[in-house]
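Written out below as structure tokens is the structure these notes cover.
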Amino acid sequence: MTSHTISAPLSQDDKALLLKLARQSLALAVNGCDPLELALADYSPPLQAQGASFVTLTCLGELRGCIGTVEPYQPLVQDVCEHAMAAALEDYRFFPVRPEELPAVRIEISRLTTPVELEFEH
């Protein structure tokens, strides 16, 4: 097995901030506004670090959108904001989220760890 670095855990404050930013990004996207302008220096090192995430939206218990990536390619805070917007507007399985749905939308953020190669024999 190949050794990989696992991302440091996020603090409760970081988690709460990611959820707040995801909600803001979702509202901006649904209302046709420009995305948040993020100043990376304003965020903790774990949020500035490259990260991979999935953002899942549900409404009244039903899946409403889910977008993400398995490989990190941008800062985690930016990744979450972009995927929140994309989950609302670009998941081809659903119509775009409407402004009147926003109060009922639940957001779940999944932060993926670095992929680990698994060995197997068949």
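Note: hydrogens, waters and symmetry copies are ignored here, and every other heavy atom, side chains too, is used.
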Considering only heavy atoms from C-beta outward, does the side chain of Ile67 approach that of Phe54 to under 4.5 Å?
-> no
Which heavy atom of [X] sits nearest to which heavy atom of [Y], and what is that distance?
X     : Y     : value
Ala22 : Ala84 : O-CB, 3.6 Å
Asp34 : Leu28 : O-CD1, 3.6 Å
Cys81 : Leu21 : SG-CB, 3.8 Å
Pro72 : Ala52 : N-CB, 3.7 Å

Shared hydrophobic cluster for Val105 and Val30 (ILVMFWY, side-chain gaps under 4.5 Å) | yes
Pair Val77-Leu40, side-chain contact (heavy atoms from CB on, under 4.5 Å): steps then yes or no = CA-CA 8 Å; Val77 66; Leu40 290 180; 3.6 Å; yes
Under the 3.5 angstrom rule, does the side chain of Ser11 hit a backbone N or O of Asp14 as a donor-acceptor pair?
-> yes
Under the side-chain contact (heavy atoms from CB on, under 4.5 Å) criterion, do Leu76 and Leu18 qualify, and how do the steps go?
-> CA-CA 9 Å; Leu76 180 62; Leu18 280 179; 4.0 Å; yes
Taking atom CG of Leu47 and atom CG of Asp42, what is their separation to the nearest 0.5 Å?
-> 11.5 Å
For residues 80-93, which residue pairs qualify under side chain to side chain donor-acceptor pair (under 3.5 Å), counting only residues two or more places apart or in two chains?
-> Ser53-His83, Gln74-Glu82, Gln78-Glu82, Asp79-His83, Asp91-Arg93
With sequence neighbours excluded, give me every side chain to side chain donor-acceptor pair (under 3.5 Å) pair touching residues 60-72.
-> Arg64-Glu101
For Tyr73, does the OH atom have more than 12 heavy-atom neighbours from other residues, nucleotides or ligands under 6.0 Å away?
-> yes
Kindly state each residue pair satisfying ring-ring contact (aromatic ring centres under 6.0 Å, His included) with at least one member in residues 18-43, sequence neighbours excluded.
-> none
Could you point out which residue of Leu19, Thr56, Leu57 forms a side-chain contact (heavy atoms from CB on, under 4.5 Å) with Glu108?
-> Thr56
